[in-house]
Amino acid sequence: MCSKRTSDKVQHVMHLLQHSLYFFLEGDLSRDNVTRRGSVKRQAILEGAREVFGRDGYSRASIDAIAKVAEVSTRTIYNHFTDKDELFRAVILESAEQVRERQLADLERHLGKVVDLESDLIALGLAFTTVMPQFGAHFALVRQIQAEIGHIPEDVLVAWQETGPQPVQAGLARRLAELDERGLLDVEDPNRAARHFVALVGSEVQSRTYSGALPIDEAAREEIVTAGVRTFLRAYGLR
């Protein structure tokens, strides 16, 4: 009889433990689902905001317009971001990081192992000036930044530069310094040489396409980049 009561107690305890584990796991899974939904909503907000900021600019973009494009409520946006400034900062930093990684990969691909210096620099210049459809919204946003630079918070501009353009320029400067050490270039100031390279291969393309807003003939782009690289080599090549 005592053994039966003991067995019943054990079964009761096991039953309670199973239910406790079930509710624990159910609660954990529910929290995971909430987290995933929140992450999906946040990404939708960022993508919608990138489109609206790129179309309307920083000053004219409204939270209502962003909510409509993102297909969320304005309350949902404010649950994720304090205000328009914070949202704009998050948008430009996320897309700047994505473009940075692409351009750093281009640097590694074309200057990681130089076989023919002029050809490799031309290939890099073409990579840097190629229209990248997947980043179209980012470059539309950059055009808006350039158009209303005085209206954008300074800390946002600094963070954008530190996240995107500056690391790419620093990476290019390091590669040019390595080419100097190998005796392939004569570079006294790698940072200035990097700025010169970008200007020579990219400034005319940027001007003729209005910073990527209009297309350019591929033959013309290749001619511009090639001329830019050859001018760069006349300045920094071995004499």
Side-chain angles (χ1 to χ4, degrees), residues 34-106 127-169 195 198-199 201-218 220-221 224:
V34 169
T35 300
R36 281 194 293 272
R37 285 197 298 272
S39 178
V40 169
K41 290 286 187 184
R42 187 178 191 278
Q43 193 56 42
I45 293 167
L46 289 173
E47 290 173 3
R50 188 177 299 113
E51 179 180 334
V52 173
F53 283 130
R55 182 190 68 205
D56 299 342
Y58 171 78
S59 300
R60 289 181 297 151
S62 69
I63 293 297
D64 286 340
I66 292 168
K68 183 176 180 179
V69 172
E71 298 183 343
V72 299
S73 66
T74 56
R75 180 177 179 179
T76 298
I77 292 178
Y78 286 119
N79 284 341
H80 289 272
F81 302 96
T82 305
D83 52 26
K84 188 169 80 169
D85 286 0
E86 184 183 350
L87 176 54
F88 183 80
R89 180 190 181 97
V91 166
I92 189 61
L93 295 190
E94 181 191 62
S95 59
E97 182 178 345
Q98 293 169 352
V99 174
R100 178 197 71 204
E101 292 307 303
R102 167 65 182 269
Q103 291 180 327
L104 289 176
D106 288 335
F128 274 7
T129 58
T130 296
V131 175
M132 297 179 281
Q134 69 271 38
F135 299 128
H138 169 78
F139 290 108
L141 184 56
V142 170
R143 290 192 294 274
Q144 292 289 358
I145 290 174
Q146 293 168 343
E148 52 178 328
I149 196 81
H151 300 288
I152 297 170
E154 185 177 353
D155 65 304
V156 175
L157 295 174
V158 171
W160 163 48
Q161 289 292 315
E162 290 177 345
T163 301
Q166 288 179 9
V168 175
Q169 180 180 304
R195 289 193 293 272
V198 171
V201 302
S203 60
E204 186 178 347
V205 174
Q206 290 294 304
S207 175
R208 289 174 62 169
T209 64
Y210 292 88
S211 298
L214 299 177
I216 185 171
D217 180 74
E218 283 302 298
R221 185 172 69 90
I224 291 167

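- No donor-acceptor distance shorter than 3.5 angstrom exists from the side chain of Glu47 to the backbone of Ala70, with no hydrogens or angles considered.
- Residues in residues 65-87 take part in no salt bridge (Lys or Arg N to Asp or Glu O under 4.0 Å) pair, two or more places apart or across chains.
- Ser211 and Gln146 make their closest contact through OG-OE1, 3.6 Å (heavy atoms, listed as atom of the first residue, atom of the second, distance).
- Summarising the geometry, atom CD1 belonging to Ile92 is positioned 4.0 Å from atom CG belonging to Leu141; distances are rounded to the nearest 0.5 Å.
- The CG atom of Leu93 sits 8.5 Å away from atom CD of Glu97, with the distance rounded to the nearest 0.5 Å.
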Pairs of donor and acceptor atoms involving the side chains of residues 150-168, under 3.5 Å and at least two apart or interchain, shall be tabulated with distances.
| residue | atom | partner | partner atom | Å |
| --- | --- | --- | --- | --- |
| Asp155 | OD2 | Arg89 | NH1 | 3.0 |
| Thr163 | OG1 | Ala159 | O | 2.7 |

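- In this structure the side chain of Arg102 reaches within 4.5 angstrom of the side chain of Gln134, judged on heavy atoms.
- Between Val99 and Phe139 there is a side-chain heavy-atom pair separated by less than 4.5 Å.
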Practice problem: With side-chain contact (heavy atoms from CB on, under 4.5 Å) as the test, would you mind laying out the steps for Phe128 and Gln103 before giving the verdict? | Solution: CA-CA 7 Å; Phe128 274 7; Gln103 291 180 327; 4.1 Å; yes
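- When side chains are defined from C-beta on, Thr129 does not count as touching Ile224, because their heavy atoms never get closer than 4.5 Å.
- The heavy-atom pair separating Ser59 from Glu148 by the smallest distance is OG-OE1, 2.7 Å.
- Thr209 contributes atom OG1, which lies 10.5 Å from atom CD of Glu204 (distance to the nearest 0.5 angstrom).
- Side-chain contact between Arg221 and Thr130 is present, with at least one heavy-atom pair separated by less than 4.5 Å.
- Using a 4.5 Å cut-off on side-chain heavy atoms (C-beta onward), Tyr78 and Ile63 make contact.
- Put simply, the side chain of Ser95 gets close to the backbone of Val91: a donor and an acceptor are under 3.5 Å apart.
- In this structure, the side chains of Ile66 and Phe88 stay at 4.5 Å or more apart for every pair of heavy atoms.
- Separating the OG1 atom in Thr82 from the CG atom in Leu87 is a distance of 10.5 Å, to the nearest 0.5 Å.
- Side-chain contact between His138 and Gln98 is absent, with no heavy atoms from C-beta onward closer than 4.5 Å.
- Interatomic distance, CG of Leu46 versus CD1 of Ile77, reported as 10.0 Å (0.5 Å rounding).
- With respect to Glu94 and Arg50, a salt bridge is recorded, a charged nitrogen being found less than 4.0 Å from a carboxylate O.
- The NZ atom of Lys41 sits 7.5 Å away from atom OG of Ser73, with the distance rounded to the nearest 0.5 Å.
- Closest approach of Arg208 to Ala220, counting heavy atoms only: NH2-CB, 4.0 Å.
- Side-chain contact between Val198 and Arg195: absent, with no pair of heavy atoms (C-beta onward) separated by less than 4.5 Å.
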